[in-house]
Amino acid sequence: MKILTCSAHLQQLEGILRKSLPIALPVFGAVLNINRGNPGQFEVLVDKWPEFGAVLARPSGEVATGFVGPWGHWEYWGWTWACWGHWEALQLDLWDIGVLGLALGMMGVGLGHWAHRKQGFGPAPGVRVGSLSPSHVDLLNDTWPYGGNARSRRFLAEILGRFPQVCLQDSSGQPLAWVLTDHFGTGTHSYTLPEHRRHGHMQVALTVAAQRAHARGFPTFG
């Protein structure tokens with residue numbers, strides 16, 4: 001396959017994939033991130049250019065390992081790939097690689113409503129919109145359904161340091177609820193601490209995350 005390195009070609013690819021949403025979501029979010037500074041240090045491959053039939057997004061220089069999910073993601077705890085196109089062009093025995101994987105939501109799924117909430121919609125008194133810091137990675141690892149081990153901790157630390165995230169904090173700066181995104185612009189870890197639930201915190205966090213993503217050119221669905 002051919003690695004696309006030309007910025008003009010990557011912009012052209014983004015426009016083509018946008019016209020194929022939501023089917024192209026598994027790889028579209030990665031292309032968006034690449035065209036906006038490439039914080040995940042990804043690369044995009046096509047079977048041919050410009051008349052391509054399949055697109056693959058992967059960490060630069062990496063080789064596929066892990067499990068292919070029904071939407072074209074496959075993962076090995078932090079090294080995440082996505083594929084879109086004619087699957088018959090990519091018959092690489094991917095289904096036989098293994099069963100270790102994550103079921104991540106598509107980019108913006110369920111956020112379409114939040115992206116268009118009124119701008120005046122905000123946090124409750126005493127709650128502010130902030131961000132998580134590297135010191136919170138253990139909290140994230142403990143509360144993530146797929147967490148609790150060293151590999152998940154490395155993955156969460158990576159996306160925490162590289163990709164947009166939203167955190168609602170109390171007056172002392174302690175996290176109450178948060179939304180993390182990943183290499184594909186997907187909502188990876190959204191959580192409200194149990195003692196702070198039923199106060200609408202997640203609605204606010206999702207609204208802020210969706211509006212910020214929308215402002216950066218990321219589509220939202222739902």
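For an aromatic pair to be called close, the ring centres must be under 6.0 Å apart, and Phe184 with Phe163 fails this.
The stretch residues 123-138 participates, sequence neighbours left out, in these salt bridge (charged side-chain N to carboxylate O under 4.0 Å, His left out) pairs: Asp138-Arg153. Contacts classified as salt bridge (charged side-chain N to carboxylate O under 4.0 Å, His left out) and involving residues 10-21 (residues at least two apart or in different chains) are given here: Glu14-Arg18, Glu14-Arg36.
Here the side chains of Thr181 and Ile159 are not in contact, with every heavy-atom distance at 4.5 Å or above. Counting only heavy atoms from C-beta outward, the side chains of Tyr191 and Arg197 approach each other to under 4.5 Å. Between Glu43 and Arg58 there is a side-chain heavy-atom pair separated by less than 4.5 Å.
Not counting sequence neighbours, Arg216 has no partner by the side-chain hydrogen bond (donor to acceptor under 3.5 Å, both in side chains) test.
Here the CG atom belonging to Leu160 is positioned 9.0 Å from the NE2 atom belonging to His136, to the nearest 0.5 angstrom. Atom OG of Ser152 sits about 6.5 Å away from atom CH2 of Trp144, to the nearest 0.5 Å.
Glu158 and His183 are linked by a side-chain donor-acceptor pair at a separation below 3.5 angstrom, with hydrogens and angles left out of the test.
With a 6.0 Å cutoff to the six-membered ring centre and a 45° limit on the axis angle, Arg151 does not count as a cation-pi contact of Tyr146.
Checked against Val44 for a side chain to side chain contact (heavy atoms under 4.5 Å, CB included), the options Ile3, Thr5, Leu10 give a single hit: Leu10.
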